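For the numbers below, each heavy atom of this structure counts, side chains included, while hydrogens, waters and symmetry mates do not. Order of the sequence lines fixes the chain letters, A, B, ..., with proteins taken first and strands second; residue numbering starts at 1 for each chain. Quick caveat: nothing in here was measured; it's all calculated off a predicted structure.
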Amino acid sequence: MASDSSDDDMPIARANGRLSSSKISRTEDIALDKSMSKPSGMAGLSIRNGPIENGEMDLDSPSTNGSKRKSRESIIKVDYKDESESDGEPLAKRQRSKKVQESDSDDEPMVKARGKKLPPSYKETALPQSSSDEQPLGVKLAKKKADIERKGELEAKAIRAKEAKAKATPKKAIKNESDDDLPLASSHKRQANGSTAKRKSTVVKKDESDSDAPISKKSKAASASAKGKRVSSAKDTKDTKKGKSKEPSDEDEEEEFEWWNAPKREDDSIKWNTLEHNGVLFAPEYQPLPKNVKMYYDGKPVTLSPEAEEVATFWASMMTAASTHHLDNPIFRKNFFADFSDFIKKYGAKDASGNKIDIKSFDLCDFSKIAEYWAAKNEAKKAMTKEEKAAAKAEKDALEAPYLHCTWDGRKQKVGNFRVEPPSLFRGRGEHPKTGKVKTRVLPEQITINIGKGAKIPTPPAGHKWKAVQHDQKATWLAMWQENINGAYKYVMLGAASDVKGQSDYKKFEKARELKKHIDKIRRDYTKDLKSEVMADRQRATAMYLIDKLALRAGNEKDTENEADTVGCCSLKYEHISLQPPDQVTFDFLGKDSIRYNETARVDPQVFKNLKLFKKAPKTDGDDLFDRLNTSQLNKHLNSYMPGLTAKVFRTYNASHTMSELLKELGKDPRSRGTIAEKVKLYNDCNRKVAILCNHKRTVGAGHEQQMQKLGDRIKGLRYQKWRTKKMILDLDATQKKKKGAAYFVRDEDLDDEWVKEHQAFLVDELRTKIQKKFEKDNEKLKANKERVMPEKELKERLHAVKDLEARFKKENKTGKVEAEGRGASVEKFLSSIDKIDERIRVLETQAEDRDGNKEVALSTSKINYIDPRLTVVFSKKFDVPIEKFFSKTLRDKFRWAIKSVEDAEDWEF
DNA sequence: TGGCGAACTTAGCATCTCATGG
DNA sequence: CCATGAGATGCTAAGTTCGCCA
C-alpha cells in the first residue's frame with residue numbers, strides 16, 4: 001500500500017464513499033494550520049481555501065496538496081438492486097447510500113430518536129433538549145472533565161511508582177495493587193492460549209499447591225478445589241479477613257463461596273467442570289379467543305384460524321398498553337400487516353358464512369373487539385381477590401421453580417432468563433427496518449442445550465426433541481436458539497447475582513483500573529499521533545481522543561439494510577459533526593438504541609483541525625468521517641498497550657474514574673455532613689453526571705410534562721396561599737404593613753389576576769368533589785351497615801362550604817383584602833404557617849428540580865454497568881449511609897462481591 | 001483482512017410491586 | 001386504608017468483542 005494511488009482501490013476500512021488520501025502532505029497540513037490559526041472565528045478563511053466556511057459546515061481546503069486524490073467521487077452507490085444482501089464485493093459492507101439523504105435530515109417520520117420521540121409533529125417542536133444543552137453541557141463540563149483527566153494521568157504515574165515499590169515488598173497489600181494484577185494475569189492468559197486451548201473438557205490441573213486454596217471459610221473444600229485454582233504467590237492475606245468474617249448470615253442457607261477471596265484461576269477459559277440444570281420454560285400455548293370475540297374486516301366479523309388469530313392478538317394487546325407509539329409507526333404497521341397477511345394466506349380466514357376471505361387492506365382491519373376482550377381480561381385479573389392472586393402466584397412459582405437455579409461446579413446458582421421468549425411482534429428500536437414483524441414461537445427443535453456431561457439432560461416437551469445437546473465447558477450458557485427475524489442468537493445464561501457473572505463483572509472493573517496505569521502513555525501517544533502524516537494513524541488518534549474524552553462507543557459497522565441506522569465513534573459520518581471555529585465541535589447522531597447524542601464539545605485544536613481534514617471535500621453526507629479506521633484496527637492498537645484493552649474499557653474507566661473523583665470532591669461539600677437524604681442526593685448528583693457523560697437517556701414519559709406542570713401549579717398554589725396568609729396578617733393588624741414593609745405583602749408577579757381566578761376556580765372545584773366523594777363514601781358505609789343513607793339534602797347542606805369559599809374569593813378579588821380565617825387567628829400563628837408553607841415550597845421545588853434533572857437521564861444504566869460498585873460501597877461506609885439507599889435488593893445481590901470485598905476497606909480506591 | 005458466527009455486555013422500555021400520602 | 005406512582009424488576013434489543021475461516 002503505501003502509495004496514495006493504492007488507496008482508492010484498496011479500501012482500508014469501510015470504503016463507504018469517498019476516501020481521504022492515505023497520507024497528509026506537509027503542505028496540506030500547513031495549509032490547514034494556517035486556516036485555523038486565525039482565531040477570528042468566522043473569518044478563518046485560509047488564503048487558499050477560499051472563504052468557505054459558514055462556521056457550521058465544514059470548511060475544507062479543496063486544494064493544497066494536489067495530491068492526486070482522485071477520490072472515488074460518486075461512489076454513491078446507486079446500485080443495490082434490492083436485497084443483494086451478500087454484497088458480493090469485498091468493497092464496502094452494505095452501505096446506506098440511498099438512505100444517506102433522508103437519514104441525515106433525521107427527522108423522518110416515525111423515528112424516535114429520543115427526545116424527538118414519536119410523532120413527527122412534536123418532535124421538532126420539542127427538543128428543548130438540544131437547545132437547552134447546546135453549548136453549556138459539553139463546554140461546561142469540559143473543564144471539570146479536563147481536571148479529572150489530569151488527575152488520571154498523575155495517578156497513572158503514581159500507581160506505577162507505588163507498584164514498583166509494592167513488588168519489592170509483597171506484603172499484605174490487601175486489595176489494592178496486588179490483586180489487581182491478578183486478573184490481568186488471567187486476561188493475558190486468555191490471549192495467550194486463546195484458541196489453542198481449544199480442547200473442551202480439559203481438566204484444569206491445579207498446579208501449585210492448591211493448598212493455597214485457603215479461601216472461603218467453611219468453603220466446601222470439595223467444590224473449591226474442584227475449581228482448580230492456581231494461585232500465584234500472592235496468597236493474599238485476605239485470610240485475615242476470612243478469619244474475622246462473621247458468618248455471612250445471608251439468606252442463603254448454603255455456605256457462600258467467596259470467590260473474590262479465592263485465588264485467581266489461571267485458565268479461565270474453562271468456565272465450569274460440572275453443570276446441571278433443567279433447561280428452559282416454554283411460553284404457554286396459545287389459547288384461542290372465545291367464539292364471540294373477533295376481528296372485524298370492513299365492518300364484518302372474521303373468523304381467523306388460530307395461528308392468524310394469535311398474531312392478531314399480538315397487535316390487539318398492544319392497543320391497550322400505555323403507549324401505542326409502535327402502532328403508529330408506519331414501518332411497524334407495514335411489517336405487521338405483511339406478516340399478518342402471510343399468516344392469513346397460510347392458515348386462512350373466513351367470513352360469517354364460512355367463506356374464505358381476503359384481507360387486503362390493513363385500514364379495514366379492526367382489532368378493537370379483541371383489544372377490549374384483552375383489556376377486560378386484565379381488569380379481571382386485577383380484580384381478583386387476595387386469595388385468588390396468591391393462588392395464581394403459587395401456581396406460577398411452582399411452574400418456575402425447577403428453572404430458577406442450576407448447579408454450577410456443585411454450587412447452586414441463579415439462572416437469568418430461563419423463559420423462552422414468547423412469540424410477539426418484534427419491537428425494534430428507532431427506525432428499524434424490521435420492526436413490527438412477527439417473532440415466531442420457538443420450538444424445542446430449535447434449542448440447543450449446554451450441560452455437563454454427566455448431568456441429566458432436561459426432557460423436552462412431550463413429542464419433541466432438542467435441536468442438540470452439547471457439553472461445552474467454555475460456554476456459560478445453558479440453552480440457546482436463534483430468533484427468526486434477524487437470526488440473532490438468544491442465550492439462557494446465569495443471573496447477574498451468580499458467581500460467573502460476578503467474576504466477569506469484577507474482571508471488567510479491574511481491567512478498567514488497570515487502564516489507569518497506562519492512560520498517560522496512551523494519551524501522550526495519541527496526542528502525538530494527532531499530527532501523524534499517515535492518515536490512518538491520524539484518524540485512529542483522533543478517534544481515540546473522542547472515545548477517551550467524550551466516552552463515545554467504538555462504533556462497529558452495521559448492516560443498514562436490516563438494522564436501524566445508528567453509529568458510534570468509528571462509524572461517524574460526515575453529517576454527524578459540525579465544526580465551529582475555533583475549537584468547538586457539535587455532534588448530532590443516533591447512537592445505540594437510536595438514542596440521540598447531541599452535544600457540543602470544545603476540543604484540542606489539533607483535533608479540530610483533523611476533523612476538518614476528515615470532512616474535506618469531496619466527502620459529503622453519507623461518507624465516513626473515519627474512512628481509514630474501523631473498530632478492529634482500533635482495538636488491535638489498544639491491545640498493544642495492555643492486554644485486553646479495547647474501546648469499551650474507556651467507557652468503564654471514564655465512568656468509574658469520574659465517579660471516583662466526584663465522590664472525593666463531595667467530602668468538601670458541607671452537605672455531605674447533612675442528613676441521609678442530602679447525602680443520597682449528592683451521590684445521585686454525581687451519578688447523574690456520569691450518566692450524562694455516557695449519554696444514558698430515557699424517554700420523558702408522555703405524562704411527564706403535565707406532571708411537571710402539576711408540580712409547578714402546586715408550588716404556585718402554595719405561594720398564593722402564602723400571600724393570602726400574609727394578607728390575613730394585615731387583616732388582623734394593619735400596623736404590620738409598616739413593620740414588615742409594603743413589599744412583603746405584594747403578590748408575586750406571576751400570580752396575575754387571571755391565574756388567580758383560575759386557581760380559585762380550581763380550589764372551589766376541588767373542594768366540591770372532595771365533599772361529594774366524602775358524601776358518597778359515607779353513604780356507602782351506611783349502606784353497608786344497613787343504616788339509613790343520608791338524603792341529597794345533606795349533600796346540599798355540605799356543599800354550602802363551596803358556596804362560601806366562592807363568595808370569599810369573590811370578595812377578596814374585589815377588595816384586595818383577605819379576611820383572617822381559622823380559629824384563634826393571630827399574627828404569630830400566621831407567621832408560623834407561612835414558615836410551614838415556605839418549607840413545603842422548598843421541598844417541592846427541590847423535588848421538581850430533581851425530577852426535571854432526571855427526566856431524561858437514566859441513572860440506572862451507569863450504576864449497573866459502569867460505576868465500580870466498590871466506589872459506592874466505600875462511599876456508603878465513609879459517609880455512613882446504608883447501602884440500601886444506593887443499591888436495590890437485586891443490585892446488592894449482583895454486587896455482593898463488591899460489598900463484601902471492601903467491607904472494611906474504607907480506603908479502597910478505584 | 002474482512003466477513004461472519006458466536007458469546008457476552010449494555011440498554012431502554014414495559015410491567016410489576018410496594019411504599020406512601022391523600 | 002386504598003389508589004397512585006416511583007422505583008424495582010423483567011424483558012429482550014442492540015451493542016462490542018473475539019476467534020475462525022477463506
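Note on A/Thr861: every side-chain N or O is 4.0 Å or more away from OP1 and OP2 of B/dT10. Distances shown here put a side-chain N or O of A/Lys271 below 4.0 Å from the OP1 or OP2 atom of B/dC8. Dashed line: the shortest gap from a side-chain N or O of A/Ser504 to OP1 or OP2 of B/dT9 is under 4.0 Å. Of the side-chain N and O atoms in A/His696, none sit less than 4.0 angstrom from OP1 or OP2 of C/dG15. For B/dA14, the OP1/OP2 oxygens have a side-chain nitrogen or oxygen of A/Ser323 closer than 4.0 Å. One finds a side-chain N or O of A/Lys648 lying less than 4.0 angstrom from the OP1 or OP2 phosphate oxygen of B/dT10.
Across B/dA7, B/dA11, C/dT12, the shortest atom-to-atom separation from the side chain of A/Arg651 is found for B/dA11. If you check B/dC8, B/dT10, C/dA13 against the side chain of A/Trp477, the one that comes closest is B/dC8. Among the nucleotides C/dT12, B/dA11, B/dT10, the one closest to the side chain of A/Asn417 is C/dT12. The listed nucleotides are B/dC8, C/dA13, C/dC11; the one nearest the side chain of A/Lys490 is C/dA13. Out of C/dT16, C/dT12, B/dA14, the shortest distance to the side chain of A/Lys439 is found at C/dT12. Looking at the side chain of A/Tyr491, the nearest of the listed nucleotides B/dC8, B/dT9, C/dA14 is B/dC8. Residue A/Glu421 places its side chain closer to C/dA13 than to any other of C/dT16, B/dG2, C/dA13. Here the side chain of A/Thr566 is nearest to one of B/dC8, C/dG15, B/dA14, namely C/dG15.
Sequence order on DNA chain B of the closest nucleotides to A/Met493 and A/His326 puts A/Met493 first from the 5' end. Sequence order on DNA chain C of the closest nucleotides to A/Leu645 and A/Ile864 puts A/Ile864 first from the 5' end. Heavy-atom nearest nucleotides on DNA chain B were determined for A/Lys381 and for A/Asn695, and the one closer to the 5' end corresponds to A/Asn695.
Spacing between atom CZ of A/Arg596 and atom P of B/dG12 amounts to 16 Å, rounded to whole angstrom units. At whole-Å resolution of the value, NE2 in A/His432 and C1' in B/dA11 are 16 Å apart. In this entry the distance linking NZ of A/Lys508 with P of C/dT17 reads 13 Å, nearest Å. In this entry the distance linking CZ of A/Phe895 with C1' of C/dA8 reads 14 Å, nearest Å. One interatomic measurement links the two molecules: NZ of A/Lys382 to P of B/dC18, which rounds to 16 Å at whole-angstrom precision. Distance A/Arg553 CZ to C/dT17 P: 11 Å, rounded to the nearest Å. Rounded to an integer number of Å, the gap from NZ of A/Lys592 to C1' of B/dC8 is 11 Å.
In this structure, the side chain of A/Asp559 engages the main chain of A/Glu561 through a donor-acceptor pair within 3.5 Å. With A/Lys508 contributing its side chain and A/Asn865 its backbone, the two residues share a donor-acceptor pair below 3.5 Å.
Nucleic acid contact for A/Ser632: none, since no nucleic acid atom lies under 4.0 Å from a heavy atom of the residue. Across all strands shown, A/Ala647 has heavy atoms under 4.0 Å from sugar-phosphate atoms exclusively, and none from any base. Within the 4.0 angstrom heavy-atom criterion, only backbone atoms of the sugar-phosphate kind lie near A/Asn635; the bases stay farther away. Counting any heavy atom pair closer than 4.0 Å across all strands shown, A/Ser860 reaches no nucleic acid atom.
Between A/Phe418 and A/His277, the ring center distance fails the sub-6.0 Å criterion.
The only member of A/Ile692, A/Thr872, A/Ile867 that meets side chain to side chain contact (heavy atoms under 4.5 Å, CB included) when paired with A/Asn687 is A/Ile867. The one candidate from A/Leu590, A/Leu572, A/Leu552 that meets the side chain to side chain contact (heavy atoms under 4.5 Å, CB included) condition with A/Tyr597 is A/Leu552.
A/Thr448 contributes atom OG1, which lies 11.5 Å from atom CG of A/Asp472 (distance to the nearest 0.5 angstrom).
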